[in-house]
Amino acid sequence: MSSVSLQAPRGTRDILAPDSARLRALTQAFAAESELAGYGQVVSPMFEQIEVFRRVGEETDIVSKEMYHFRDPGDRHLALRPELTASVARAFVQHRPPVPWKVWYEGPQFRYEKPQAGRFRQFNQVGAELFGSDDPQADVEVIALAWRFCVALGLRRVRLVVNSLGDRADREAYLAALAGYFGGRADELSAQGRVTLARNPLRLLDSKRPEDRAVVAGAPPIDEFWSPAAAAHFAAVRAGLDALDIPADRQRLLVRGLDYYRRTAFELVSDALDGAQDAVGGGGRYDGLVADLGGPETAGVGFALGVDRLLLACDAEDVFAAPPAAADVYVVDVTGGAEATLLAEELRRAGLRAERAFGGRSMKAQMKSADRSGARWAVLVGPDELADGAVSLRDMRGTQAAGGTAGQSRHPRAGIVAELVARLAAEKGKTP
RNA sequence: UUGACCGUAGCUCAGUUGGUUAGAGCGCCGGGUUGUGGUCCCGGAGGUCGGGGGUUCAAAUCCCCUCGGUCAACCCA
């Protein structure tokens, strides 16, 4: 950092090309996958009345201590969205679309946290939600969508883990049982573990502290608290995934961070990611959330994937590279540059990716730039060409030595655009 | 919020126990005779050593604060 004193706020960053193109490509791939399954895009505001998020649970860390919130000039208390399910559920309550309402979304979210690899204060997610059905097949469809997308990206080292948190009453009973169990062994827990116990015993289950893990190992399993209906639902979900050949590991200690989850909970974890942030996404069923937001009793299931972490996983597995940004044509003009402007515009109108230099640089310098642009062809305009109403066309992929004029041909200026369109089309046909 | 490590040109980094005009590679710009790229050679631009304060005759090198990064706990995508 030299004399630059202004910088992006902590935990945020600028994404420049070609990384930005890669992010866009990932979003497009997700859109394609989602719409294939009948999900329509929903674009909701980046901020909401703070109440929207408070309703999802005050004990949730995301809500209680990680929200960016503020009062606007009209004294409205607002918050930048820390997650999207609540926003989408609010949209559902507001518009009451016919069910099943199937939506996908994409965009930044904000959480006030200490940043580290794969964790930012502004981060991007893609996700999907299905409102209005408690059919276990809905869970299967949603999970399959998330899974298929990871596979489509080329990720092979992603695992799906699933669990069921039971119905509301099951969850309450389990919570009480955990409180009793852990309470009796509080002295064996870590100091922080005891704090967690007081706040939410469920959280202790995925503690990473060794002292806590030893105690957790003997904790009562949630299975014993499932209602018959919840147990049957989970069995149906697992059978459905099995039928689709989607490998799902039951993980009895999986409890998600948002408190609104009921029954199905799942996560996608990457084994290619080292470090603590190995979850690329997660989701589950949240029957009851819509009612909490003031709507009718409505079932729902969905998921979100962290775009930044997905991209990190792609890097680790060496898949889903940035799309190439090579130019088709580079216009070299040593007659002042006005001709390059005309030609480049013509080429672009014809759909070719055309680049040119500015500032009246030497031919050698422009050729160097042409090379670095990755252009397939260079169109040269010098005094001779200009006088003859012609241009020189140079094959930049030739193996001839630099400096020579082999692989170069003269063409009438008038027909050069059509000529290039034809040549590029012919090549594209040969090598897709 | 807690702890550990780190912060030198656009990028990756060197900078001996504090001592004259802070270096390299890559990148960028220009040149190697008349208008031509990818190799090679030469040259140039670019840094108030993250910022502020302190110790000292003297600090990129020591101390404090601050901002930022990385890693871990917490939590989560």
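Quick note: numbers below take in every heavy atom, side chains included, and nothing from hydrogens, waters or symmetry partners. Below, read A as the first sequence line, B as the second, and so on, with proteins coming before strands; counting in each chain starts at 1.
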Whole angstrom value for the distance that separates [atom2] of [N] from [atom1] of [X]:
| X | N | atom1 | atom2 | result |
| --- | --- | --- | --- | --- |
| Leu253(A) | C76(B) | CG | C1' | 17 Å |
| Lys368(A) | G27(B) | NZ | P | 10 Å |
| Met363(A) | G37(B) | CE | P | 10 Å |
| Ile62(A) | C74(B) | CD1 | C1' | 13 Å |
| Leu16(A) | C11(B) | CG | P | 12 Å |
| Arg372(A) | G27(B) | CZ | C1' | 8 Å |
| Gln116(A) | G68(B) | CD | P | 15 Å |
| Gln192(A) | U1(B) | CD | P | 15 Å |

State, with a plain yes or no, whether a side-chain heavy atom of Ile222(A) is found less than 4.5 Å away from one of Leu178(A).
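Sidechains of Leu178(A) and Ile222(A): no contact.
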Between Phe320(A) and Leu155(A), is there a side-chain heavy-atom distance shorter than 4.5 Å?
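No, every pair of side-chain atoms sits at 4.5 Å or beyond.
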Between Tyr39(A) and Glu141(A), is there a side-chain donor-acceptor contact under 3.5 Å, judged purely by atom types and distance?
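Yes, because at least one side-chain N or O of Glu141(A) sits under 3.5 Å from a partner of the opposite role on Tyr39(A).
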Under a 3.5 Å cutoff, is there a donor and acceptor pairing between the side chains of Asp278(A) and Ser270(A)?
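No, no side-chain donor-acceptor contact under 3.5 Å.
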Under a 3.5 Å cut-off for both distances, is U48(B) Watson-Crick or wobble paired, and to whom?
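For U48(B), the partner nucleotide comes out as none, under the 3.5 Å rule.
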So which nucleotide does C29(B) pair with, by the Watson-Crick or G-U wobble rule with both distances under 3.5 Å?
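The answer is G43(B), by the H-bond criterion.
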Taking any heavy-atom pair under 4.0 Å as a contact, classify [X]: base, sugar-phosphate, or nothing.
| X | result |
| --- | --- |
| Ala378(A) | nothing |
| Lys364(A) | base |
| Gly193(A) | nothing |
| Phe120(A) | base |
| Ser362(A) | sugar-phosphate |
| Glu385(A) | base |
| Arg256(A) | sugar-phosphate |

Check whether the side chain of [X] and the base of [N] form a donor-acceptor pair under 3.5 Å.
| X | N | result |
| --- | --- | --- |
| Lys114(A) | U1(B) | no |
| Glu113(A) | A77(B) | yes |
| Gln366(A) | U36(B) | no |
| Arg119(A) | C75(B) | yes |

ring-ring contact (aromatic ring centres under 6.0 Å, His included) with Tyr68(A): which of Phe53(A), Phe47(A), Tyr112(A)?
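Among Phe53(A), Phe47(A), Tyr112(A), the one meeting ring-ring contact (aromatic ring centres under 6.0 Å, His included) with Tyr68(A) is Tyr112(A).
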Using the C1' atom in both, what is the distance from G43(B) to C6(B), to the nearest Å?
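Taking atom C1' in both G43(B) and C6(B), they lie 36 Å apart.
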Lys65(A) side-chain proximity, nearest of C74(B), U36(B), A77(B):
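Nearest to the side-chain atoms of Lys65(A), counting from C-beta on, is C74(B).
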Looking at Arg376(A) and Asp395(A), is there a salt bridge between them, counting it only when a charged N and a carboxylate O are closer than 4.0 Å?
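A salt bridge is present here (some side-chain N lies under 4.0 Å from a carboxylate O).
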